[in-house]
Amino acid sequence: MRLGGKFVAVASLGLLAACAAPDGYGGTELAEAPPPPPPPPAPPPPQFTASQTAGNALARESAADAGERIIVTGSRISQELQDTPIAITTVDADGNYTTDASGELRQVANTRYVHIPAVRVAQQPDNERYDGEEVSPALWVQEAPVSTFSVDVDTGSYANVRRMLNEGYMPRADAVRTEELINYFRYDYPMPENTEVPFSVTTDMAVTPWNSQTRLLRIGLRGYDLPHEQRPSANLVFLVDVSGSMEADDKLPLVRSALSQLAGELGEQDRVSIVVYAGAAGVVLEPTNDTREIRRALNSLSAGGSTAGGAGLQLAYDVARGSFIEGGVNRVILATDGDFNVGISDQDQLVEMIERQRDSGITLTTLGFGTGNYNEAMMEQIANHGNGNYAYIDSALEAHKVLSEEMTSTLFTIAQDVKIQVEFNPAVVSQYRLIGYENRALREEDFDNDAVDAGDIGAGHQVTALYEIVPAGTSGWMRERRYQPAGPAVVSETSEIAFVQLRYKLPGEDRSRLLQRPIPTRLMTMAGRPRGDMAFVAAVAAYGQRMRGDTLIGSFDFDDAVSLAGRQDGYWREEFLQLASLAESLDAQ
């Protein structure tokens, strides 16, 4: 219709009423529209707690005193959260202020915008496989004075634990091996005097940070360095898992990057072959020392299919045998997530095959990759039985550390079947426990038995072991028993805490050599608070044992470990401080 020379479209006839009488122009005129319905009543305000009400009131009073401010609060509070204190942030032209749940107003330095990140619920993979042991118990010296174990040169647990923390959840206790955390780092041990004794032995002691009644005894080994020109030739077979489970970015792409770095470290006398396996196994690259050819072959790999890991291992050993170097390093380097599902997949069968190959001079290193279906139990065990080492690669930086910086210590062996035995003096020490090495424990009679396999030490490598001991005459973890046998009536030697023995074989030898070292009692009487390297290694031990659920460290937590370690230099030690702090925050959730 036209009103005042304009057309009006009527959307709803219900808003119009007919005129009672026609107008002078023969049309109709609009009746007065009824008033709109009243708005619905406002919802009742949320029922805040007394502390929240006080906080909001203080924020309003502070805003009135300081001038115009913007008050940022939460909204849509659920019923179950109504009793939870809410922080209020106020912002004005002079600076930023925040009101905490107690109502206290404090200033925030020159930060105009407050970022509140989203909350992500971490999901721990439940199909990864681990084979951790229970924490070693404390022992009475009178009943079990001798402790025997094989050295451990693996570091995989440290990197795997780091990966879990960075993904936002606390590691499983059975994924943590404290000795591998300790041995991830280097310490200030002296060089050996000559190559006839391939490693130095260092012992020192300090008051235990988490228990002032006990002492920490450290035993450290350091192998001699091997100059580049004296390195033996290396015959390496890269065995790469290209099955469908390796498609993820943290698996096959990282494998290519890691092995490419290792290829760049090899010399003219070295040779590399590449074997792959998925549903079947095949040779991708014949033995060569051409770095470009090695990298080209690695970059051509793609993932797909099932996982015939046993067949891949057998083929890799066959290739290594075909290009065997007498007097050199002959090693298979397996890169996989450990998910064998075709052919030989039983861990015991794999170990049996690997031990046969080890005895013929071909060793095995395992490099673990990826998450979700990761089989760490198999990776660590077959490396141990293959006289090699196990590492977990969670980044290109870790690949550089393991395969470039530490290549000499992992590939070139200077001492084989290295065993440590410590006998404690019951006149000086009443109780003790070995921290870590649960899956490296040996029987006392295994120490002198050269047929019993043990760990190897590479050039420049270090091994560290920690014992926590209770001095005789002080209270320990265990009370004396009612019918406990009396101690020795006559003690022939009280100037020694313990007697350390090491057995090792030089490469190519079948009979072991013996190295013995008494530990003087003065180490205990002079023990003070841990400092320097001793403080750092104790902090790493506490970090590992805390994640393992060790009850004998009491209330010593991750923040205490950070404080104990103190300020550190170098990327890896500084990273440890960050990881321990992260573990504290995750543990508190």
Identify all side-chain donor-acceptor contacts of residues 272-288 below 3.5 Å with residues at least two apart in sequence or on another chain.
from	atom 1	to	atom 2	distance (Å)
Y277	OH	T336	OG1	3.3
T288	OG1	D290	N	3.1

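Applying the ring pair (Phe, Tyr, Trp, His ring centres under 6.0 Å) test to F369 and every residue at least two apart in sequence or in another chain returns nothing. For the salt bridge (charged side-chain N to carboxylate O under 4.0 Å, His left out) test, no residue two or more places apart in sequence or in another chain qualifies with E247. D225 is linked by a salt bridge (charged side-chain N to carboxylate O under 4.0 Å, His left out) to R222, counting only residues two or more places apart in sequence or in another chain. In this view, D394 and R162 satisfy the salt bridge (charged side-chain N to carboxylate O under 4.0 Å, His left out) rule, not counting sequence neighbours. The side chain to side chain contact (heavy atoms under 4.5 Å, CB included) search around R295 returns S260, T291, not counting sequence neighbours. With sequence neighbours left out, S157 forms a side chain to side chain contact (heavy atoms under 4.5 Å, CB included) with V161, R177, E180, L181. Every residue meeting the ring pair (Phe, Tyr, Trp, His ring centres under 6.0 Å) condition with Y467, not counting sequence neighbours, appears here in chain and number order: F424. Residues satisfying the salt bridge (charged side-chain N to carboxylate O under 4.0 Å, His left out) test with R231, not counting sequence neighbours, are D270. Under the side chain to side chain donor-acceptor pair (under 3.5 Å) criterion, K419 pairs with no residue, sequence neighbours left out. E574 pairs by the side chain to side chain contact (heavy atoms under 4.5 Å, CB included) definition with nothing, not counting sequence neighbours. The side chain to side chain contact (heavy atoms under 4.5 Å, CB included) check on N375 picks up R129, A377, M378, with sequence neighbours excluded.
Both the sub-6.0 Å distance and the 45° axial angle are not jointly satisfied by R172 relative to the ring of Y130.
Residue E134 qualifies as open at atom CD: its count of foreign heavy atoms under 6.0 Å is 12 or below.
Proximity of the aromatic rings of F576 and Y158 is defined here by a centroid distance below 6.0 angstrom, and this criterion is not met.
The pair D550-R433 meets the salt-bridge criterion, since a charged nitrogen lies less than 4.0 angstrom from a carboxylate oxygen. Using a 4.0 Å cut-off between a side-chain N of Lys or Arg and a carboxylate O of Asp or Glu, E128 and R163 qualify as a salt bridge.
Atom CD in E438 sits 12.0 Å away from atom CG in D174 (nearest 0.5 Å).
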